[in-house]
**Q** 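I'd like to ask you about the structure that follows.
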Amino acid sequence: MTPTSRLYGLMAMGGAVAALLQGVSQTTSPAIILLGMLAFDGLLLGLMLLDGVLVNQAKRPTVKREPLHRFSIGRDNKVTITIDTKATPAQLQIYDRYPNPLGDIAMPLRANCGAKSRSQVSYTVHPQQRGEFQWGDLEVRQRGPLGLAWRGWRIPQSQSVAVYPDLVGLEALSVQLAIQSTGTVRQRKRIGIGTEFAELREYGIGDDPRLIDWKATARRSTPLVRVLEPEREQTLIVLLDRGRLMTARVKGLSRFDWGINATLSLALAGLHRGDRVGVGVFDRQMQTWVPPTGGQQHLQHLIRTLTPLQPVLLESDYLGAVTQVATQQNRRALVVVITDIVDQTASAELLTALTRLKARHLPFCVTLRDPQVDHQAHQFEPGVAETYGRAVALDLLNQRQVAFAQLKQSGVLVLDAPANKISAPLVDDYLRVKARNRL
């Protein structure tokens with residue numbers, strides 16, 4: 001049982017009245033004034049105890065946290081608490097014992113609920129690391145009808161919740177891919193793109209005459225064109241670096257977290273296009289290897305496999321990872337290496353590794369840039385420290401560009417984008433590779 005601010009205010013008011021009487025009254029004894037003040041305070045404390053007793057079990061509302069499901073890293077995840085009141089209104093303070101690593105949420109949550117009603121209060125957590133986290137119990141305090149006391153009790157609501165990679169982003173991408181793959185507009189865009197026959201449709205203005213199927217045209221007595229689509233059941237392999245460079249944090253998450261999000265987005269696009277997708281995670285050696293497989297269930301397997309992994313402070317062996325893929329994968333594949341580079345010297349091994357793949361496979365280097373470096377390079381501020389920082393940032397960007405130029409000259413596809421925005425351009429580049437039959 002806890003006193004309310006109203007009780008403290010009334011006690012302060014009683015003390016002020018006693019002090020005023022003592023100052024203006026010449027006949028009243030100070031002892032009598034003190035006794036009167038003590039009696040007043042005792043009355044207030046008695047009323048407080050009565051107020052707390054009035055909040056009995058029968059009048060307590062039903063408070064529960066809605067079941068927590070899988071959370072997405074780097075996203076606002078909503079937690080909702082439902083309150084069902086009984087015959088009397090309720091003014092509540094609710095403390096939800098959430099895991100500290102998931103943010104700093106102001107508690108308590110406050111709710112003013114009418115009689116026989118259902119209401120909800122909610123808050124959001126923004127996880128910045130993956131893993132299993134334990135939610136504690138709910139602690140509820142209800143204000144008494146006199147407004148003098150808070151009566152508290154605990155509600156068992158402990159629950160373990162897993163924080164996964166960006167599942168919200170994967171769901172949005174899945175919807176986007178489904179929309180792109182349906183409708184006559186999409187079918188028109190596929191004319192002449194790809195190698196596999198999809199369907200016949202009537203010739204329209206702007207269609208390539210070379211795609212007219214003359215035999216079908218003769219049978220139907222109307223011009224028909226062949227609709228082609230990119231070849232299916234090709235192989236996509238993603239090699240995700242989890243070494244030292246991937247431990248740096250960008251926009252609140254590690255580069256490795258952004259790399260996992262990009263890996264899963266690319267895998268979703270590949271599986272949606274009917275390709276077989278394999279994933280390898282490496283540092284000094286290949287730590288995790290998921291062989292290329294097709295089917296939508298494969299994405300769930302990849303999510304379960306990648307979620308527990310964390311980056312490590314080890315130098316990555318690009319040549320070893322690529323050599324293992326080249327040895328195991330005889331069929332031509334698009335091999336995407338997701339990593340980061342610092343300068344031309346540090347990228348020499350990466351260049352050697354990707355060039356080795358070129359004979360049989362299509363290598364694709366994806367680097368996760370820190371947008372803070374871009375901002376600093378283009379920030380014009382007076383001062384020696386600011387000028388020095390800008391010079392360093394410009395030098396880093398210039399060295400990256402030199403390394404990318406060497407990769408491109410060697411026939412390696414390159415994508416360099418901010419780590420927090422890498423998924424969308426990566427999927428777009430993959431779809432362009434498929435549309436142009438680069439595999």
Side-chain angles (χ1 to χ4, degrees), residues 73-74 128 166 169 238-263 265-266 282-283 311-319 321-322 335-358 363-430 432-433:
I73 191 173
Q128 296 187 349
D166 187 10
V238 184
L239 295 179
L240 176 59
D241 180 9
R242 74 161 195 163
R244 177 180 59 84
L245 293 176
M246 303 297 281
T247 61
R249 301 192 76 80
V250 178
K251 296 293 184 180
L253 304 183
S254 69
R255 273 200 180 94
F256 185 69
D257 285 316
W258 294 117
I260 286 183
N261 291 342
T263 299
S265 296
L266 184 58
F282 68 97
D283 43 64
V312 293
L313 289 171
L314 296 174
E315 294 299 329
S316 299
D317 183 4
Y318 299 108
L319 199 57
V322 165
V335 181
V336 181
V337 178
I338 300 179
T339 183
D340 192 38
I341 59 177
V342 178
D343 52 33
Q344 182 180 356
T345 303
S347 63
E349 183 185 353
L350 176 61
L351 174 62
T352 303
L354 293 175
T355 304
R356 176 173 295 187
L357 281 174
K358 187 185 171 187
F364 187 1
C365 179
V366 179
T367 55
L368 310 180
R369 195 170 70 245
D370 187 348
Q372 182 62 30
V373 176
D374 294 345
H375 175 75
Q376 191 168 3
H378 298 89
Q379 190 75 13
F380 295 90
E381 293 183 1
V384 176
E386 291 77 7
T387 302
Y388 179 77
R390 180 170 179 268
V392 172
L394 287 171
D395 183 59
L396 287 174
L397 293 179
N398 180 64
Q399 292 190 56
R400 290 173 72 93
Q401 293 305 316
V402 172
F404 295 143
Q406 289 186 335
L407 289 170
K408 292 177 181 178
Q409 290 175 359
S410 302
V412 177
L413 301 178
V414 173
L415 171 63
D416 180 46
N420 57 315
K421 298 180 180 178
I422 194 69
S423 296
L426 176 57
V427 171
D428 290 341
D429 280 6
Y430 161 74
R432 277 192 287 270
V433 168

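Numbers here simply count residues along the sequence, with the first being 1. Predicted, not measured: the structure shown is a model, and the values here were computed from it.
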**Q** Determine yes or no for a side-chain-to-main-chain donor-acceptor pair under 3.5 angstrom, with Trp258 supplying the side chain and Ile422 the backbone.
**A**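 No, because the side chain of Trp258 does not come within donor-acceptor range (under 3.5 Å) of the backbone of Ile422.
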**Q** Leu413 versus Val433: any side-chain heavy-atom pair under 4.5 Å?
**A**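 Yes; the side chains approach each other to less than 4.5 Å.
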**Q** Give me the atom names and distance for the closest heavy-atom approach of Ala419 to Val250.
**A**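 Reported closest heavy-atom pair: CB-CG1, 4.0 Å.
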**Q** What closest approach, in Å, do Pro363 and Lys358 show between heavy atoms, and which atom pair accounts for it?
**A**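 Between these two residues, the closest heavy atoms are CD-CA, 4.2 Å.
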**Q** As an exercise, state the distance from CG of Asn420 to CZ of Arg255, rounded to the nearest 0.5 Å.
**A**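 Asn420 CG to Arg255 CZ: 11.0 Å, rounded to 0.5 Å.
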**Q** Looking at OG of Ser316 and CG of Leu245, how far apart are the two atoms once the value is rounded to the nearest 0.5 Å?
**A**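 So the gap between those two atoms works out to 7.0 Å.
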**Q** Taking atom CD of Gln372 and atom CZ of Arg249, what is their separation to the nearest 0.5 Å?
**A**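 Going from CD on Gln372 over to CZ on Arg249, the span is 15.0 Å.
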**Q** So which atom in Asp416 and which in Arg400 form the shortest heavy-atom distance, rounded to 0.1 Å?
**A**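 Heavy-atom minimum between the residues: OD1-NH2, 2.6 Å.
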**Q** Heavy atoms, side chains only, cut-off 4.5 Å: are Phe256 and Leu240 in contact?
**A**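 They are in contact (side-chain heavy atoms under 4.5 Å apart), so the answer is yes.
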**Q** If we only count heavy atoms from C-beta on, is the Phe364 to Asp429 side-chain gap below 4.5 Å?
**A**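 Yes, at least one pair of side-chain atoms sits under 4.5 Å.
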**Q** Do Ser265 and Leu426 have side chains that approach each other closer than 4.5 Å (heavy atoms only, starting at C-beta)?
**A**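 No, side chains not in contact.
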**Q** If I compare all heavy atoms of Lys251 with all of Pro371, which pair ends up nearest, and what's the gap?
**A**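 Closest pair (atom of Lys251, atom of Pro371, distance): CE-CG, 3.8 Å.
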**Q** Mind checking whether Thr367 and Phe404 have side chains closer than 4.5 Å, heavy atoms only?
**A**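 Thr367 vs Phe404: side chains touch.
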**Q** For side chain to side chain contact (heavy atoms under 4.5 Å, CB included), just list the numbers for Asp317 and Glu349, CA-CA rounded to whole Å, side-chain angles, deciding distance to a tenth of an Å, and then say yes or no.
**A** CA-CA 8 Å; Asp317 183 4; Glu349 183 185 353; 3.0 Å; yes
**Q** Looking only at heavy atoms, what is the nearest atom pair of Leu266 and Val336, with distance?
**A**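 Shortest heavy-atom separation between Leu266 and Val336 comes out as CD2-CG2, 3.9 Å.
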**Q** What verdict does the side chain to side chain contact (heavy atoms under 4.5 Å, CB included) test give for Thr339 and Leu350, after you've listed the backbone C-alpha separation in whole Å, the side-chain angles of each residue and the deciding distance to 0.1 Å?
**A** CA-CA 10 Å; Thr339 183; Leu350 176 61; 4.0 Å; yes
**Q** Should Arg242 and Leu314 count as side-chain neighbours, where that means a heavy-atom distance under 4.5 Å?
**A**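 In short, these two side chains do not touch, never coming nearer than 4.5 Å.
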**Q** Which distance, rounded to the nearest 0.5 Å, do you find between the CG of Leu351 and the CD1 of Ile341?
**A**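 Answer rounded to 0.5 Å: 9.5 Å.
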**Q** Given Leu239, which of Val366, Val337, Ile338 fulfils the side-chain contact (heavy atoms from CB on, under 4.5 Å) condition?
**A**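 Testing Leu239 for a side-chain contact (heavy atoms from CB on, under 4.5 Å) against Val366, Val337, Ile338 leaves exactly one candidate, Val337.
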**Q** When rounded to the nearest 0.5 angstrom, what distance separates CG in Asp241 from CG in Asp283?
**A**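 Spacing of CG (Asp241) from CG (Asp283) equals 8.0 Å.
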**Q** Check whether any side-chain heavy atom of Arg356 sits under 4.5 Å from a side-chain heavy atom of Leu319, and report yes or no.
**A**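 In contact.
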**Q** Supply the atom-to-atom distance Cys365 SG to Leu357 CG, rounded to the nearest 0.5 angstrom.
**A**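 Here the rounded value is 11.0 Å.
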**Q** Do Ile73 and Asn261 have side chains that get closer than 4.5 Å, going by heavy atoms?
**A**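 In short, these two side chains touch, coming nearer than 4.5 Å.
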